[in-house]
S.K.: 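Sending over a structure as C-alpha cells; questions will come in a sec.
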Amino acid sequence: MKSLGALLEVVAVAVGGLVLASPAISFLGLSAQDIYGDVPHLVLYLMLETSLTLGIILILLWTGGRSLRDLGWAKRGWWKESLAGVSVVPLLFGATFLVGFLFPIVLPQYVSESNPLLEMIQDGTDLGLLLLSSVLVGGIKEEVQRAFILVHFRNHLGGAVPGLILWSVFFGAGHSFQGVDFAVAAGVLGLLFGLLYLWRGHLAAPIVAHALYDVVTLLIFWGLLRS
C-alpha cells in the first residue's frame, strides 16, 4: 500500500500542475498558440503551473506529516551548498557542449537550427521575465519537484537511481518542443541535477546550479542577439 500511495503521489507531482494549469489558461482565453507565441504569456503559464505543482507538493507533504526539510530544504549549510552548486556549472555547460558536438555526428537529422524558446526573446522585458522564470521555475520548482520524486523512489519505489533515470527521460521529453537535440541535452542536465541532489542531500546545490545555468545561458544569448 505504501508503494501504491507513493506512486500516486509521484504521478500527482509529475503532471498535476500541468493538468490543472491547462483549464485555468483556457479560462483566461489563452490557447497553446498564445502561450508559445510570446514570452509574457509563456511565463504566465509557467508561473501558474509552478504555483500549482508546488502547492500539490506542500499539501502532500503536510498531509503525510512531512515538510520541505524532508527534501533537503534547510537553512543550515545553505551557503556551503550554494557554492557547491556554483562549482558544477562549468560541468553543466561542458555536458551541453558535448551533446551539441555529438549530435551532428551521430544523429545529424535531428539537429535543430535554433532554439525556439530563446528565439522568443525580443526585448529586455522578455529577457527579464525569462530570467525570473529561470530562478522560480527552473531553479526552485523543478528541483523541489525532482527531490520529491527521488525521495519517493528511494524510500518506496525501488531506489533513487532508477527514479532518477526515469525522471530524466520524462524531464527531457518535456523539452521536446525545443527539438530532439535540446530535449536530450535537457535530459542529461536533469540527470546531473539529480546526481548533485543525491550527492549533497541538500536542495540549495541543485537549485543554485540550475538557476545559474539558465540565467547564464539567457544572458549569453542576449549578448549575442544584441551584438
S.K.: Out of curiosity, does L196 fall in the hydrophobic cluster containing V161 (side-chain heavy atoms, cut-off under 4.5 Å, transitive links)?
M.R.: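 No, it is not one cluster - the side chains of V161 and L196 are not joined through contacts under 4.5 Å.
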S.K.: Taking only residues two or more places apart in sequence or in another chain, which ones pass salt bridge (charged side-chain N to carboxylate O under 4.0 Å, His left out) with R69?
M.R.: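 Partners of R69 by the salt bridge (charged side-chain N to carboxylate O under 4.0 Å, His left out) criterion come out as none, since no residue qualifies.
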S.K.: Mind checking the CG-CD1 spacing from L166 to I149? Nearest 0.5 Å is all I need.
M.R.: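 Between L166 CG and I149 CD1, I get 10.5 Å after rounding to 0.5 Å.
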S.K.: To the nearest 0.5 Å, tell me how far L61 CG sits from S67 OG.
M.R.: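 One finds 7.0 Å between CG of L61 and OG of S67.
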S.K.: Just by distance, do the side chain of H41 and the backbone of G37 share a donor-acceptor pair under 3.5 Å?
M.R.: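 No, because the side chain of H41 does not come within donor-acceptor range (under 3.5 Å) of the backbone of G37.
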S.K.: Is there a side-chain contact between L131 and L219 in this structure, where contact means two heavy atoms from C-beta onward sitting under 4.5 Å apart?
M.R.: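 The answer is yes, as the side chains (C-beta and beyond) meet within the 4.5 Å cut-off.
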S.K.: Give a yes or no on whether W62 and I56 share a hydrophobic cluster (residues Ile, Leu, Val, Met, Phe, Trp, Tyr; joining criterion: side-chain heavy atoms under 4.5 Å apart).
M.R.: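 Shared cluster, no.
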S.K.: Check for me whether the distance between the ring centres of H202 and W73 falls short of 6.0 Å.
M.R.: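 No: the rings miss the under 6.0 Å criterion.
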S.K.: Using a 4.5 Å cut-off on heavy atoms from C-beta on, say whether the side chain of V180 contacts that of F103.
M.R.: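 Yes - at least one pair of side-chain heavy atoms lies under 4.5 Å apart.
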S.K.: Indicate the atoms forming the closest heavy-atom contact of A209 with G85, along with that distance.
M.R.: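 Shortest heavy-atom separation between A209 and G85 comes out as CB-O, 3.4 Å.
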S.K.: Using the rule that Ile, Leu, Val, Met, Phe, Trp and Tyr join whenever any side-chain heavy atoms are under 4.5 Å apart, tell me whether L18 and I59 fall into a single cluster.
M.R.: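 No, because L18 and I59 fall into different hydrophobic clusters, even though each may have its own neighbours under 4.5 Å.
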S.K.: Show your working on side chain to side chain contact (heavy atoms under 4.5 Å, CB included) between Q145 and I57 and close with a plain yes or no.
M.R.: CA-CA 8 Å; Q145 183 184 40; I57 290 173; 4.3 Å; yes
S.K.: Please report the shortest heavy-atom distance between L203 and A147, naming the atom on each side.
M.R.: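 Where L203 meets A147 most closely, the heavy atoms are CD2-CB, 3.7 Å.
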S.K.: So L157 and V10, do their side chains get closer than 4.5 Å, heavy atoms only?
M.R.: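 Side chain of V10 against side chain of L157, heavy atoms only: contact under 4.5 Å found.
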S.K.: I need the L44 CG to E49 CD distance, nearest 0.5 Å.
M.R.: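 Separation between the atoms: 12.0 Å.
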S.K.: Checking T50 side chain against M47 main chain: does a donor-acceptor pair fall under 3.5 Å?
M.R.: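 Not a single qualifying donor-acceptor pair exists.
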S.K.: Using the rule given for ring-ring contact (aromatic ring centres under 6.0 Å, His included), can you reason through F193 versus H210, listing the C-alpha separation, both sets of side-chain angles and the distance that settles it, and then say yes or no?
M.R.: CA-CA 7 Å; F193 292 138; H210 195 155; 4.3 Å; yes
S.K.: Please walk me through it: do V43 and L132 pass side chain to side chain contact (heavy atoms under 4.5 Å, CB included)?
M.R.: CA-CA 9 Å; V43 172; L132 177 64; 5.6 Å; no
S.K.: Do the side chains of L58 and L52 join up, straight or via other hydrophobic residues, at under 4.5 Å, putting them in one cluster?
M.R.: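 Same hydrophobic cluster.
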S.K.: When you measure from the side chain of D214 to the backbone N and O of A211, does any donor-acceptor pair fall under 3.5 Å?
M.R.: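 Flag not set: sc D214 to bb A211 has no pair under 3.5 Å.
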S.K.: Taking atom CG of L98 and atom CG of L102, what is their separation to the nearest 0.5 Å?
M.R.: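 Rounded to the nearest 0.5 Å, the CG-CG separation comes out at 4.5 Å.
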S.K.: Please lay out, stage by stage, how L118 and L218 fare under the test side chain to side chain contact (heavy atoms under 4.5 Å, CB included).
M.R.: CA-CA 7 Å; L118 295 178; L218 287 169; 3.6 Å; yes
S.K.: Please test L192 against V88 for side chain to side chain contact (heavy atoms under 4.5 Å, CB included), starting from the C-alpha separation and ending with a verdict.
M.R.: CA-CA 9 Å; L192 294 175; V88 302; over 6 Å; no
S.K.: Would R146 pass as a cation-pi partner of Y197, given that its NZ or CZ must be under 6.0 Å from the six-membered ring centre and within 45 degrees of the axis?
M.R.: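 No, cation not above the ring by the 6.0 Å, 45° rule.
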S.K.: Could you check whether atom CD of Q109 has more than 12 heavy atoms from other residues, nucleotides or ligands sitting under 6.0 Å from it?
M.R.: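 Atom CD in Q109 is crowded, with more than 12 foreign heavy atoms closer than 6.0 Å.
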S.K.: Whether the side chain of T96 engages the backbone of L92 through a donor-acceptor N/O pair (distance < 3.5 Å, no angle test) should be reported.
M.R.: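 Checked: pair present.
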S.K.: Do L150 and I165 share a hydrophobic cluster, counting only Ile, Leu, Val, Met, Phe, Trp and Tyr and linking them when any side-chain heavy atoms are less than 4.5 Å apart?
M.R.: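 The answer is no; the residues belong to distinct hydrophobic clusters.
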S.K.: Any chance you could measure H156, atom NE2, to L4, atom CG, to the nearest 0.5 Å?
M.R.: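 It comes to 12.0 Å.
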S.K.: With distance as the sole test, does Y45 use its side chain to make a donor-acceptor pair with the main-chain N or O of S22 at under 3.5 Å?
M.R.: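 A pair under 3.5 Å: no.
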S.K.: Please name the pair of heavy atoms, one in E119 and one in Q122, separated by the smallest distance, quoted to 0.1 Å.
M.R.: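 E119 and Q122 have their closest heavy atoms at O-NE2, 3.3 Å.
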S.K.: Does a side-chain heavy-atom distance below 4.5 Å link L42 with D38?
M.R.: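 The answer is no, as the side chains (C-beta and beyond) never meet within the 4.5 Å cut-off.
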S.K.: How many angstroms lie between CG in L212 and CD1 in I207, if you round to the nearest 0.5 Å?
M.R.: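 Rounded to the nearest 0.5 Å, the CG-CD1 separation comes out at 13.0 Å.
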S.K.: Which heavy-atom pair separates A24 from L48 by the least distance, and what is that distance?
M.R.: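 Residues A24 and L48, closest heavy atoms: CB-CD2, 3.5 Å.
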S.K.: Please step through ring-ring contact (aromatic ring centres under 6.0 Å, His included) for the pair F148 and H152, ending with a clear verdict.
M.R.: CA-CA 6 Å; F148 184 96; H152 274 54; 4.1 Å; yes
S.K.: Does a sphere of radius 6.0 Å around CZ in F101 hold more than 12 heavy atoms from other residues, nucleotides or ligands, not counting ones at 6.0 Å or beyond?
M.R.: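 Check fails, neighbour count at 12 or below.
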S.K.: Nearest heavy-atom pair of V215 and S134: which atoms, and what distance?
M.R.: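 What the structure gives for the nearest pair is CG2-CB, 4.0 Å.
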S.K.: Assess whether a salt bridge exists between R66 and E9, defined as any Lys/Arg side-chain N lying under 4.0 Å from an Asp/Glu carboxylate O.
M.R.: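 Result for this pair is yes, salt bridge flagged.
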S.K.: Dump the intermediate steps for ring-ring contact (aromatic ring centres under 6.0 Å, His included) on Y213 and F93, then the final yes or no.
M.R.: CA-CA 8 Å; Y213 173 86; F93 278 103; 4.5 Å; yes
S.K.: Determine the minimum heavy-atom distance between F182 and S114, stating which atoms define it.
M.R.: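 Scanning both residues, the minimum pair turns out to be CE1-O, 3.6 Å.
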S.K.: Please answer whether the main-chain N or O of A173 pairs with a side-chain N or O of S176 as donor and acceptor at a distance below 3.5 Å.
M.R.: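 Yes; judged by distance alone, with no hydrogens or angles, the pair exists.
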S.K.: Is a donor on one side and an acceptor on the other found under 3.5 Å between the side chain of D181 and the backbone of S112?
M.R.: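 Yes; at least one donor-acceptor contact below 3.5 Å.
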